[in-house]
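Below is one structure, written out as C-alpha cells; comments come after it.
In this text, all values refer to a predicted model and were calculated from it rather than measured experimentally. Numbers restart at 1 for each chain; the letters A, B, ... are given by sequence-line order, proteins then strands.
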There are 2 protein chains.
Amino acid sequence: MADHKKRFEIIIQKLRENGQKITPQRMAIVKILAKSTGHPSVEDIHDEIKKDFPTMSLATVYRNIVLIKSLGEVLELGFPDGRNRYDGNKPYPHPHVICIKCKKVIDSNLGSLDDLKDEVAVETGFKILNHRLDFFGICSNCMAEKV
Amino acid sequence: MADHKKRFEIIIQKLRENGQKITPQRMAIVKILAKSTGHPSVEDIHDEIKKDFPTMSLATVYRNIVLIKSLGEVLELGFPDGRNRYDGNKPYPHPHVICIKCKKVIDSNLGSLDDLKDEVAVETGFKILNHRLDFFGICSNCMAEKV
DNA sequence: ATGTTAAATAAGAATAATTATCATTTAATA
DNA sequence: TATTAAATGATAATTATTCTTATTTAACAT
C-alpha cells in the first residue's frame, strides 16, 4: 500500500479509537495531510478541498488540524510571518529545508539528533520531549532564476 | 566591558553607519535587546520601556525590531501560537531550549551544526544561509511543581 | 430501515498579533 | 538656531486564528 494511503488509514483509525466521527470533510482533510509532501498551509488545504466541497469552511480545517495535532498525527511548522504549515505524512520531528524565496519546504534525510538531545538534557536539566530543526536557504531553482 | 554593554554599542554603531537616527526610544529598545537574556516578546519589551517612556508606542517597538533585524543584529524566534521572541545578545543561529509549561527560553551551548549544514546542502542542492534548532521540554522548575 | 442524539459543520463575528497611515515631534546637519 | 528628512504616537487596517450559533449529520439503537 502506498505510503500516503497507509498514513490515511492510520490517522482515520486513531480518530475512530478516540470516538471521533468520520465525516466526508474530515476525510478530505486527513487525505491531504496524509500526503502533504508540499507541507501545505491551512489555506492551501482549504483551497484544495473547496474543489470537492465548495461550502467547506476554513474553521473546519482549523478545527480538524487542532484535533489531529492533539492525537500527535500532524506536525505543525510555525513561522514568524504567521503562515503555519503542516506535515501529516511524517508527524514526528525531522529536519526541514526551506527556500526563503519560493517558500518551498522539503524534508531532509539527516540522521537522528538523539545524541544532541541527550547532551542538551544533561546541560540544561530539561526533560526534552521534542525538537525542531530547520535550515533556511535558496533552492537550486531559485538560484538559477536570479537575474 | 560587560557583554550586553558591548552588544549595545555594536548595534548603535551599526545603526549610525546605516544613517539611522539615535532616538531615546530606539536606545531603550536596543538596550533591552542587547541584554535579552530572557528572550523577550514585543510586549515584554514594550512593558519594560513604558516604565521610562509612558507614551512609548507598540508600533515603535515593532518598527525598530524590523529595522534591527534587517541589520542582522537580532534573532527572531517565531512560534506557531504567534508570540515571537527576540535575542539581540546572540543574533546568530544557536540552539534554544524551551519549556512548554512556563514558556521560558534558554540558550544551549552545543557545538556548531556546520557539519550537518554541509550534509544538508549536498543532499538538497540548497545554498544554506541560516538555521534554527529548538528543543522543547519541561524545565526542572516546572517538573518539580507537577502535582 | 428509521429515529434519536451528540457531535460536526458553515457562516460569519470576535480576537490578537502585526502592519499601515498620518499628523506631530525631533535628531542631525548646516 | 533653522531646516529637513526621519521617527514617533495614536489609531485604523490587516491577517491568521478562534469562537459562536443555528443547522446538519454520523453513529448507534431500535
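- Note: B/His94 and B/His39 have tilted aromatic rings, judged against thresholds of 30 and 60 degrees for the angle between ring planes.
- Note: CD1 (B/Ile45) to C1' (C/dA17) measures 14 Å, nearest angstrom.
- Checked against salt bridge (charged side-chain N to carboxylate O under 4.0 Å, His left out), A/Glu9 has no partners two or more places apart in sequence or in another chain.
- The distance between atom NZ of A/Lys69 and atom C1' of D/dT18, rounded to the nearest whole Å, is 12 Å.
- By the neighbour-count criterion of 12 heavy atoms within 6.0 Å, atom NZ of A/Lys35 is sparsely surrounded, having that number or fewer from other residues, nucleotides or ligands.
- Under the side-chain hydrogen bond (donor to acceptor under 3.5 Å, both in side chains) criterion, A/Lys14 pairs with A/Glu73, not counting sequence neighbours.
- One atom, OH of A/Tyr86, and another, P of D/dA16, lie 12 Å apart when rounded to the nearest Å.
- For A/Asn18 and C/dA7, the CG to C1' distance is 14 Å, given to the nearest whole Å.
- Going from atom CG of A/Leu58 over to atom P of C/dA11 covers 11 Å, rounded to whole Å.
- OP1 and OP2 of D/dA16 both lie 4.0 Å or more from every side-chain N or O belonging to A/Asn84.
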Using a cut-off of under 3.5 Å, enumerate the N/O to N/O pairs linking the protein to nucleotides 5-9 of chain D.
unit_1 : atom_1 : unit_2  : atom_2 : d
D/dA5  : N3     : B/Lys21 : NZ     : 3.2
D/dA7  : OP1    : B/Gln20 : OE1    : 2.7
D/dA7  : OP1    : B/Arg26 : NH1    : 3.2
D/dT8  : OP1    : B/Thr23 : OG1    : 2.6
D/dT8  : OP2    : B/Asn64 : ND2    : 3.3
D/dT8  : O3'    : B/Gln25 : NE2    : 3.0
D/dG9  : OP1    : B/Gln25 : NE2    : 3.1
D/dG9  : OP1    : B/Thr55 : OG1    : 3.4
D/dG9  : OP2    : B/Ser57 : N      : 3.2
D/dG9  : OP2    : B/Thr60 : OG1    : 3.0
D/dG9  : O5'    : B/Thr55 : O      : 3.4
D/dG9  : N7     : B/Arg63 : NH2    : 3.1
D/dG9  : O6     : B/Arg63 : NH1    : 3.2

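- Per the geometry, CD1 belonging to B/Ile12 stands 15 Å off C1' belonging to C/dA28, to the nearest Å.
- The CZ-P distance, from A/Arg16 to D/dC28, rounds to 9 Å in whole Å.
- At least one side-chain nitrogen or oxygen of B/Tyr62 sits closer than 4.0 Å to the OP1 or OP2 atom of C/dT18.
- The bend of the helix from C/dA1-D/dT30 to C/dA30-D/dT1, defined by the angle between the axes of its first five and last five pairs, stands at 30° to the nearest 10°.
- In the hydrophobic clustering, B/Val66 connects to no other residue, as no ILVMFWY side-chain heavy atoms lie under 4.5 Å from its own.
- Side-chain N/O atoms of A/Arg7 and A/Asn89 include no donor and acceptor closer than 3.5 Å.
- Residues A/Ile10 and A/Ile12 do not share a hydrophobic cluster, clusters being chains of Ile/Leu/Val/Met/Phe/Trp/Tyr side chains in contact below 4.5 Å.
- When rounded to the nearest whole Å, the span between CD1 of B/Ile22 and P of C/dT29 equals 10 Å.
- For the residue pair B/His96 and B/Asp107, a side-chain donor N or O sits within less than 3.5 Å of a side-chain acceptor on the partner.
- Here A/Lys69 pairs with A/Glu76 under the side-chain hydrogen bond (donor to acceptor under 3.5 Å, both in side chains) rule; sequence neighbours left out.
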